[in-house]
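Just passing along the structure, written as structure tokens.
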Number of protein chains: 2
Amino acid sequence: MRRPRLNSLRTFEAAARRLSFSLAAEELNISQAAVSQQMRALEAYLGAPLFHRHHRRISLTSVGRTYLSAVQEALDRLDTITDQLFPDRPDQSVSIRCSSMVATLWLAPRIDAFRRAFSHIDLHIRTLDYEPLPNQQPSTDFEVLVAPQNSETPLMRPLFDAQILPVASAGFLAGQGVRRPQDLLACNLIHILGYENDWHRWFKTHHTGTVTLPHGLTVDSSLFAIDAALRGDGVILGRRPFIDKYLQSGALKQVFAPPLALSSTYYLRHHAGRQTTRNKQAVFDWLLAQG
Amino acid sequence: MRRPRLNSLRTFEAAARRLSFSLAAEELNISQAAVSQQMRALEAYLGAPLFHRHHRRISLTSVGRTYLSAVQEALDRLDTITDQLFPDRPDQSVSIRCSSMVATLWLAPRIDAFRRAFSHIDLHIRTLDYEPLPNQQPSTDFEVLVAPQNSETPLMRPLFDAQILPVASAGFLAGQGVRRPQDLLACNLIHILGYENDWHRWFKTHHTGTVTLPHGLTVDSSLFAIDAALRGDGVILGRRPFIDKYLQSGALKQVFAPPLALSSTYYLRHHAGRQTTRNKQAVFDWLLAQG
DNA sequence: ACTATCCATAAGGTAATCTAATGCAAAGGC
DNA sequence: GCCTTTGCATTAGATTACCTTATGGATAGT
């Protein structure tokens, strides 16, 4: 006897509130045609038109207006109680742990696209620059981390390869005349806590002979290091693709021609201990595609 | 952010109210497996169990109980306002016009099956024994009527062929010794208003020679005629399949061996003037399959 | 023990729903 | 006025959600 197509009431609410099928479609992340069809079906089911169709706009019929307020009230009530009773729905939020550099320079620029692709999913970002304790229960769904090559498993897939190479501001470089790796030893090298070894690795790879590293500035975050380099405080071991935008804008310059770089692989790890849902899997795949 | 699978709330309401997936499935006309899957999906979505699973029964969790009352209130509200605003939903009811005999002896025995097949559809039966005025707007979706053979069109399909043959109660026949058609002329023939011609047709077909019909009892409805025959008041021209159940039980007997019968075709007509919906089409097909 | 009952699960099919492409009509820009 | 843009309708085809059938496990009743 009674059975409105409940899902289509969500569509009706949006279309009636926005007074536009197109805007409702955008809001619901479906096509305009889908809204049109659903409304046609709903009206056929109810046996009365809900909308007046004008040339380039729609308006509510009298009964449509009445129905809208009733539907809004019922859906509001339902949504409110659902949110109250089930505040954190695992399938509706995704948490990801990564360094502040990854968060700021890789993830943040993609958040807009993320929201477009997954408008109904909350994204929780937790930045932690230190290494996780190996035996600890993971607290996030995903994690972006650096690991040796060939670390790939189904739950830990390569995201991108980072190039680690010396960069500095154009202004800083102009005054130094750096040509060969060993010339760098005379410059202000900027060090990052937790990554102290990188300069050693770099010199070991690209310079033969013993090296005594100058200790100019040491900062505790890659982001600060980049800031310092942008201000012309010295040379950092920058990591592409994070610093690509500064290289493109010319704010930072590569000290040498491309080959003089280290490489390390960033992985995206899926913590299987936590419940794996369809949505999380979709986000996992989307993030990989961004790599 | 928020998006409960609205349709599954209907299932939840039924399952929680009946405290049984099987009974809910029956009520909703879906399989038990479908209920089980929907509840699993809903719980996964909400991130919390709604039911305790016991050995052969389920019970609500505390949060499930709270959710049930909220969902019931919201759905009730929605259903109430929908029924108020749209009292006659064309897709939710089907009307059919037929004679009282067809209604009582053909349709009524099938109503149970109909409700099982279309539990959400209201069936309106209008019995009218007189012929419809040809140029009048049809007031029902379907109509069962007798028409000449070869009357078939896409909108008017043959439902079954009725055999018209003399029958009477066993007790009545025992006292009469009827052997040949003309023996009938000495019996009480029961006539039906509107079908007066049938006896003439029968004698014309199965008896050569002029006939003067005895006029015993005349009733204004086939149902009364059958009643009269059951009481032993005389012989009627009964119509199979309507009287099949009396023949099977022995309450009525065929006066002659089977060949001595007339035949007429009952059709199911679909009134296209009225809105044709998916449901109405399904009912049309179902009725034809019953024929 | 044995049977019947109820829920869970998996595989596969059906039906609902969506998208992409296109049409149409009117409004707004030039 | 003509042209472009905008918004809804419609269709066919693809995709996804949903349902059914079949099966298994567990237990309560016989």
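Numbered from 1 within each chain, the chains take letters A, B, ... in sequence-line order. Predicted model only: the values in this text are computed from it and were never measured.
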Once you round it to whole Å, what is the distance between P of C:dC7 and CZ of B:R18?
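Spelled out: CZ on B:R18 to P on C:dC7 is 12 Å.
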
With nearest nucleotides of DNA chain D determined for A:H55 and A:N7 from heavy-atom distances, which residue corresponds to the more 5′ nucleotide?
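Whichever sits nearer the 5' end wins; that is A:H55.
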
Nearest-Å distance, OH (B:Y45) to P (D:dA17)?
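Roughly 14 Å, once rounded to whole Å.
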
Spell out, as yes or no, whether a donor-acceptor pair under 3.5 Å connects the side chain of B:K280 to the backbone of B:S95.
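A pair under 3.5 Å: no.
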
In whole angstrom, what separates A:H54's NE2 from C:dC24's C1'?
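Taking atom C1' of C:dC24 as the reference, NE2 of A:H54 is at 18 Å.
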
For B:S22 and C:dC7, is the shortest distance between a side-chain N/O and OP1 or OP2 below 4.0 Å?
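Yes, within the criterion.
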
Whether A:Y267 side chain and A:S151 backbone form a donor-acceptor pair below 3.5 Å:
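Judged by distance alone, yes, a pair lies under 3.5 Å.
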
Should B:D79 and B:R10 count as an ion pair when the cut-off is N to O under 4.0 Å?
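Counted as a salt bridge, because a side-chain N and a carboxylate O are separated by less than 4.0 Å.
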
Does a side-chain N-to-carboxylate-O contact under 4.0 Å join B:R17 and B:E27?
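Counted as a salt bridge, because a side-chain N and a carboxylate O are separated by less than 4.0 Å.
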
Is the shortest side-chain N/O distance from B:R57 to OP1 or OP2 of C:dC7 below 4.0 Å?
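Checking B:R57 against C:dC7: no side-chain N or O falls below 4.0 Å of OP1 or OP2.
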
Between P on D:dC19 and CZ on B:F21, what's the gap in Å once rounded to a whole number?
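Between P of D:dC19 and CZ of B:F21: 14 Å.
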
Using a cut-off of strictly less than 4.0 Å, decide whether A:R56 has a side-chain nitrogen or oxygen near OP1 or OP2 of C:dG28.
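For C:dG28, OP1/OP2 do not have a side-chain N/O of A:R56 under 4.0 Å.
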
Distance check needed: D:dC18 P versus B:M39 CE, whole Å only.
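Going from CE in B:M39 over to P in D:dC18 covers 11 Å.
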
N/O contacts under 3.5 Å, protein versus nucleotides 18-21 of chain C?
| unit_1 | atom_1 | unit_2 | atom_2 | d |
| --- | --- | --- | --- | --- |
| C:dC18 | OP1 | A:Q38 | NE2 | 3.2 |
| C:dC18 | OP2 | A:Q38 | NE2 | 2.6 |
| C:dT19 | OP2 | A:S31 | N | 2.3 |
| C:dT19 | OP2 | A:S31 | OG | 2.7 |

Does the distance from a Lys or Arg side-chain N to an Asp or Glu carboxylate O, for B:R5 and B:E43, drop under 4.0 Å?
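Between B:E43 and B:R5 there is no salt bridge, as every charged N stays at least 4.0 Å from the carboxylate O atoms.
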
Is there a donor in the side chain of B:H54 and an acceptor in the side chain of B:S59, or the other way round, less than 3.5 Å apart?
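Yes, side-chain donor-acceptor contact under 3.5 Å.
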
If we ignore hydrogens and angles and just use 3.5 Å, is the side chain of A:T61 paired with the main-chain N or O of A:L50 as donor and acceptor?
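Between the backbone of A:L50 and the side chain of A:T61 there is a qualifying donor-acceptor contact (under 3.5 Å).
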
Would you classify B:S36 as touching base, sugar-phosphate or nothing, given that sugar-phosphate means primed atoms plus P, OP1 and OP2, and contacts are heavy atoms under 4.0 Å?
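Base contact - B:S36 has a heavy atom under 4.0 Å of at least one base atom.
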
C:dT9, OP1 or OP2 - any side-chain N/O from B:R40 closer than 4.0 Å?
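Result: yes.
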
